[in-house]
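Working notes, beginning with the structure itself.
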Amino acid sequence: MEGVRVFPLRRFVDDRGLFLELYRNQATHPGSEELARFFSGVEVAQLNYSLVTVNEHIKGLHYHLKQADVWFCPPPFKLKVVLLDLRRNSPTAGKTQVVVLGEGKDAWVYIPAGVAHGYRPLTNPCGLFYLVTRCFDLNDPDEYRIPWDHPAVKELWEVKNE
Ligand SMILES: Cc1cn([C@H]2C[C@H](O)[C@@H](COP(=O)(O)OP(=O)(O)O[C@H]3O[C@@H](C)C(=O)[C@@H](O)[C@H]3O)O2)c(=O)[nH]c1=O
């Protein structure tokens, strides 16, 4: 989808567990450039954490007109992201995209303004760590919602039994 960027993170695994670099404002050594480049030009206005602790809950769809969201699902949580392009002048207007994040897929997803987003937790509990490029203002919330079962996305939440 136009403007959506999925950035795979490098996982360091050893006998104690794992380590991930999540954010860099500059590159220092070979191999660190890509993470710095991913965040280049992304204004980190606010860092957020959301946890879903119930079964069979879908969060979203939400969209913003001013801010971008950048999402990360910390392992061992896992979730399924569904995106719908609401931007009228986008080359991918009306198109959808599905990304599974979390355990097994350590990645950031950059979601531009105008792209509706939601997720289905695939674990319980299920955490989402994310940043936004504009501070939430209770008096001027840049928050809009469309139903999770909108016809364009209704079928995409399903976990197939194949
Ligand atoms: C988003 C936000 C909410 N709040 C407050 C308002 C409200 O009382 C309470 C819960 O807010 P919400 O119901 O909007 O929370 P939530 O449903 O988790 O909303 C968030 O969901 C994720 C998936 C997104 O896409 C975000 O952009 C945001 O819309 O937290 C803040 O104080 N600061 C914030 O930045």
Side-chain angles (χ1 to χ4, degrees), residues 1-9 11 20-25 35 38-160:
M1 186 180 294
E2 181 76 8
V4 171
R5 297 187 287 138
V6 179
F7 180 77
L9 295 162
R11 183 185 274 221
L20 297 170
E21 272 193 19
L22 292 184
Y23 172 80
R24 267 184 176 264
N25 67 3
L35 184 58
F38 176 75
F39 279 107
S40 167
V42 176
E43 187 178 345
V44 183
Q46 193 177 311
L47 293 173
N48 297 327
Y49 186 66
S50 146
L51 190 70
V52 174
T53 55
V54 292
N55 289 321
E56 300 305 322
H57 177 71
I58 287 173
K59 193 158 275 243
L61 299 172
H62 302 168
Y63 67 98
H64 318 288
L65 298 177
K66 298 172 185 158
Q67 76 180 42
D69 279 31
V70 194
W71 284 14
F72 171 70
C73 178
F77 305 133
K78 191 169 180 178
L79 53 81
K80 185 181 200 182
V81 179
V82 170
L83 305 174
L84 169 64
D85 193 349
L86 300 175
R87 299 165 297 182
R88 259 188 231 119
N89 53 1
S90 163
T92 53
K95 294 267 190 301
T96 58
Q97 184 172 342
V98 176
V99 187
V100 174
L101 290 181
E103 187 54 55
K105 178 123 184 230
D106 307 312
W108 282 107
V109 181
Y110 179 90
I111 306 166
V115 173
H117 42 271
Y119 66 93
R120 173 183 179 161
L122 299 175
T123 56
N124 181 2
C126 185
L128 176 72
F129 174 71
Y130 64 103
L131 67 88
V132 292
T133 59
R134 177 183 186 264
C135 284
F136 178 76
D137 181 351
L138 203 51
N139 299 312
D140 177 23
D142 179 28
E143 292 254 340
Y144 308 91
R145 295 178 186 226
I146 56 177
W148 70 272
D149 57 353
H150 183 286
V153 297
K154 192 175 182 320
E155 309 299 326
L156 301 177
W157 304 110
E158 198 184 322
V159 175
K160 291 203 179 97

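Atoms within a ligand are numbered from 1 in the order they appear, just like the ligands themselves.
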Output, or 'none' if empty, a list of ligand 1-protein atom pairs in which both atoms are N or O and the distance is under 3.5 Å, rounded to 0.1 Å.
unit_1: ligand 1; atom_1: 14 (O); unit_2: R145; atom_2: NH2; d: 2.8
unit_1: ligand 1; atom_1: 17 (O); unit_2: K59; atom_2: NZ; d: 3.4
unit_1: ligand 1; atom_1: 18 (O); unit_2: K59; atom_2: NZ; d: 2.8
unit_1: ligand 1; atom_1: 21 (O); unit_2: H62; atom_2: ND1; d: 3.1
unit_1: ligand 1; atom_1: 25 (O); unit_2: D69; atom_2: OD2; d: 3.4
unit_1: ligand 1; atom_1: 25 (O); unit_2: H117; atom_2: NE2; d: 2.9
unit_1: ligand 1; atom_1: 27 (O); unit_2: H64; atom_2: NE2; d: 2.9
unit_1: ligand 1; atom_1: 27 (O); unit_2: D69; atom_2: OD2; d: 3.3
unit_1: ligand 1; atom_1: 29 (O); unit_2: H62; atom_2: ND1; d: 2.8
unit_1: ligand 1; atom_1: 29 (O); unit_2: E143; atom_2: OE1; d: 2.8
unit_1: ligand 1; atom_1: 29 (O); unit_2: E143; atom_2: OE2; d: 3.0
unit_1: ligand 1; atom_1: 35 (O); unit_2: Q46; atom_2: NE2; d: 2.8

NZ/NE/NH1/NH2 to OD/OE distance under 4.0 Å, D140 and K66: yes

ring-ring contact (aromatic ring centres under 6.0 Å, His included) partner of W108, chosen from F7, F72, Y130: F72

Y119, F77, F129 screened by ring-ring contact (aromatic ring centres under 6.0 Å, His included) with W71, the one that passes: Y119

Electrostatic pair R145:E143 at N-O distance under 4.0 angstrom: yes

NE2 on H64 to CG on L86, rounded to 0.5 Å: 11.0 Å

Side chain W157, main chain W148, donor-acceptor under 3.5 Å: yes

